[in-house]
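Structure, as structure tokens:
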2 protein chains.
Amino acid sequence: MVNLGKVLRIGELARLSGKTVRALHLYEELGLLLPVQRTRGRFRLYHPSAVARVEWIGKLQDASFSLTAIREFLDDVEQERAAPDAMARVRAVFEAKLHETREARTRLEKLEADLVASLVYLDGCRSCQPVHDSHECSECCINGHEPQTQPLLLAGLHSS
Amino acid sequence: MVNLGKVLRIGELARLSGKTVRALHLYEELGLLLPVQRTRGRFRLYHPSAVARVEWIGKLQDASFSLTAIREFLDDVEQERAAPDAMARVRAVFEAKLHETREARTRLEKLEADLVASLVYLDGCRSCQPVHDSHECSECCINGHEPQTQPLLLAGLHSS
DNA sequence: AACTCTTACCCTCACGTATGGGTTAAATGT
DNA sequence: ACATTTAACCCATACGTGAGGGTAAGAGTT
């Protein structure tokens, strides 16, 4: 946008990609991102395609690849262009990640249910608030109400 | 199991709760877990209910509460037994977490779709492998195939 | 003797934050 | 036309964070 011509400075790249300057420095340290050149004063200058590169890194991070894993991933692809199993490797990695993701989603769904159960339980508490003062209500809600039915997320509050 | 009577040592507590000794030490440093007493030789001795406490900590961690957040949570509940809004606070925290969780699940679902799309794309690649040698296929699969349709998770591989 | 526990220290990852200075581009002054 | 100032930007370096993992030397327990 600002640079109609060719290059971006790190701040622009940061804004366009949604990352911080610090993060981009780190990516360079780890060999994930290189400026096409530097100014005389050592300012980094990036090709516009760096935005896509950084966004790609972000995508893989969302997929919970570590930065070093992303680095290995790049190495694999760059150095094994001639190997017959390059794509097979990528496939394997993605398939493994897909399984992880499905498991993570299942865990999140369980957590959601736990949270809802806890909120329902606390709703029950609120209805007994008018009956006695709030000190007793705390006792009632945290310690009472038949301990077995207490949601897991509230079960640790009694024994300090 | 081993201690029929009263107390657990840290290793037993670790085994029963599925955490490491190191983690339990950390919880103590942060004020989340206290031994009922120590032996003359400073070995920590825990009440059996500590197992539930540790499991509760784990549950909240699964809900992506940080340990310091859990600490604040405990403070809130312990120090505000007399305050009328103690339960309201707990509710608020849980409701916020529920929203976060739903958002996280949505993100995971998007990620799952991305992964599936990438795998489908790679399947397409594999079908063109017999046509030419693997070097060219790598070029084809990573750089070719109409760039716009390339899944996001594969889009960063061309511009090194 | 064999096992468990203690404190203490360093390692990891993906950055955040702080320091103290250098660079660049634009606006102003002469 | 050239010089200076200014604001914004950037540099390298180093230390801090969270939630532990790992290891070691020594001391306690059975």
Side-chain angles (χ1 to χ4, degrees), chain A residues 1-46 50 53-74 100, chain B residues 1-46 50 53-74 100:
Chain A
M1 275 92 176
V2 172
N3 274 289
L4 297 165
K6 294 245 93 72
V7 290
L8 305 169
R9 297 204 314 203
I10 199 167
E12 292 169 305
L13 178 55
R15 270 189 298 279
L16 292 174
S17 64
K19 294 282 179 177
T20 64
V21 170
R22 180 67 185 93
L24 301 182
H25 283 161
L26 179 65
Y27 299 163
E28 181 171 340
E29 260 179 65
L30 297 177
L32 300 178
L33 179 69
L34 287 172
V36 274
Q37 51 166 320
R38 300 243 190 165
T39 65
R40 291 184 306 277
R42 303 200 31 77
F43 281 29
R44 292 164 177 87
L45 297 175
Y46 298 92
R53 167 64 74 115
V54 174
E55 282 170 355
W56 172 72
I57 293 171
K59 270 279 167 191
L60 289 187
Q61 282 189 295
D62 289 348
S64 75
F65 286 95
S66 72
L67 293 181
T68 46
I70 296 175
R71 174 137 190 49
E72 288 163 15
F73 199 37
L74 273 177
E100 273 179 46
Chain B
M1 273 102 172
V2 171
N3 274 288
L4 297 164
K6 294 242 95 71
V7 290
L8 305 169
R9 297 204 312 204
I10 199 166
E12 293 169 304
L13 177 56
R15 271 187 297 279
L16 292 174
S17 64
K19 294 282 177 176
T20 64
V21 171
R22 180 70 184 86
L24 301 182
H25 283 163
L26 179 65
Y27 298 164
E28 182 171 339
E29 261 181 62
L30 297 178
L32 300 178
L33 179 69
L34 288 172
V36 275
Q37 51 165 319
R38 299 242 189 163
T39 66
R40 290 184 307 280
R42 305 200 31 77
F43 281 29
R44 290 165 178 85
L45 297 175
Y46 296 93
R53 167 63 75 114
V54 174
E55 282 169 354
W56 172 72
I57 292 170
K59 268 282 167 191
L60 288 188
Q61 281 190 295
D62 289 348
S64 74
F65 286 94
S66 72
L67 293 181
T68 46
I70 297 176
R71 174 135 191 48
E72 288 163 15
F73 199 38
L74 274 176
E100 272 179 46

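Below, chains carry the letters A, B, ... as their sequence lines are ordered, and counting in each starts from 1.
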Would you list the protein and nucleotides 3-8 of chain D atom pairs, both N or O, that sit under 3.5 Å from each other?
none

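In terms of the side-chain contact (heavy atoms from CB on, under 4.5 Å) criterion, residue partners of A:Thr20 (sequence neighbours excluded) are, by chain and number, A:Arg22, A:Ala23. Taking the side-chain contact (heavy atoms from CB on, under 4.5 Å) definition, one finds that A:Arg15 meets it with A:Glu12, sequence neighbours left out. Residues satisfying the side-chain contact (heavy atoms from CB on, under 4.5 Å) criterion with B:Phe43, sequence neighbours excluded, are B:Arg9, B:Thr39. Residues satisfying the salt bridge (Lys or Arg N to Asp or Glu O under 4.0 Å) criterion with B:Arg42, sequence neighbours excluded, are absent altogether.
A sub-4.0 Å separation between OP1 or OP2 of C:dA14 and a side-chain N or O of A:Tyr27 is absent. The side chain of B:Thr20 contributes an N or O atom lying less than 4.0 Å from OP1 or OP2 of D:dG21. Not one side-chain nitrogen or oxygen of A:Arg44 sits closer than 4.0 Å to the OP1 or OP2 atom of D:dC10. One finds no side-chain N or O of B:Gln61 lying less than 4.0 angstrom from the OP1 or OP2 phosphate oxygen of D:dG18.
Of all heavy-atom pairs spanning A:Gly11 and A:Val21, the tightest one is CA-CG2, 4.2 Å. Closest of all the heavy-atom pairs between A:Gly31 and A:Arg71 is O-NH1, 3.9 Å. Listed here is the closest heavy atom pair of A:Ala50 and A:Leu13: C-CD1, 3.9 Å.
If you take CZ on B:Phe65 and CD on B:Glu100, they are separated by 7.5 Å, rounding to the nearest 0.5 Å.
Remark: nothing in residues 65-72 of chain A comes within less than 4.0 Å of DNA chain D through any heavy atom.
Within 4.0 Å (heavy atoms only), B:His25 reaches at least one base atom of the nucleic acid.
Between A:Leu26 and B:Val21, the one whose closest nucleotide on DNA chain C sits nearer the 5' end is B:Val21.
What separates CG of B:Leu13 from P of C:dT4 is a distance of 15 Å, to the nearest Å. As rounded to whole Å, 11 Å separates atom C1' of D:dC9 from atom CD1 of A:Ile10. The separation between B:Leu16 atom CG and C:dT4 atom C1' is 15 Å, rounded to whole Å. A straight line from CD of A:Gln37 to P of D:dC11 spans 13 Å, rounded to a whole angstrom. Distance, B:Leu33 CG to D:dA19 P: 15 Å, rounded to whole Å. Across the protein-nucleic acid pair, A:Lys19 atom NZ and C:dA14 atom C1' stand 9 Å apart, rounded to whole Å. Remark: P of D:dT29 and CG of B:Leu8 are 17 Å apart, rounded to the nearest angstrom. Rounded to an integer number of Å, the gap from CG of B:Leu24 to C1' of C:dT7 is 16 Å.
Screening residues 55-64 of chain B for salt bridge (Lys or Arg N to Asp or Glu O under 4.0 Å), with sequence neighbours left out, gives A:Asp114-B:Lys59. Legend: side chain to side chain donor-acceptor pair (under 3.5 Å) pairs involving residues 24-36 of chain B, not counting sequence neighbours, sorted by first then second residue: B:Lys19-B:Tyr27, B:His25-B:Arg44, B:Tyr27-B:Gln61, B:Glu28-B:Arg38, B:Glu28-B:Arg44.
With contacts defined as side-chain heavy-atom distances shorter than 4.5 Å, the pair A:Ile57/A:Leu67 qualifies.
Of the possible polar contacts, none joining the A:Arg53 side chain to the A:Leu33 backbone as a donor-acceptor pair under 3.5 Å is found.
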request  = Between protein and nucleotides 17-23 of chain C, map the contacts as a letter string: B base, S sugar-phosphate only, - none, heavy atoms under 4.0 Å, written 5' to 3'.
outcome  = B----BB

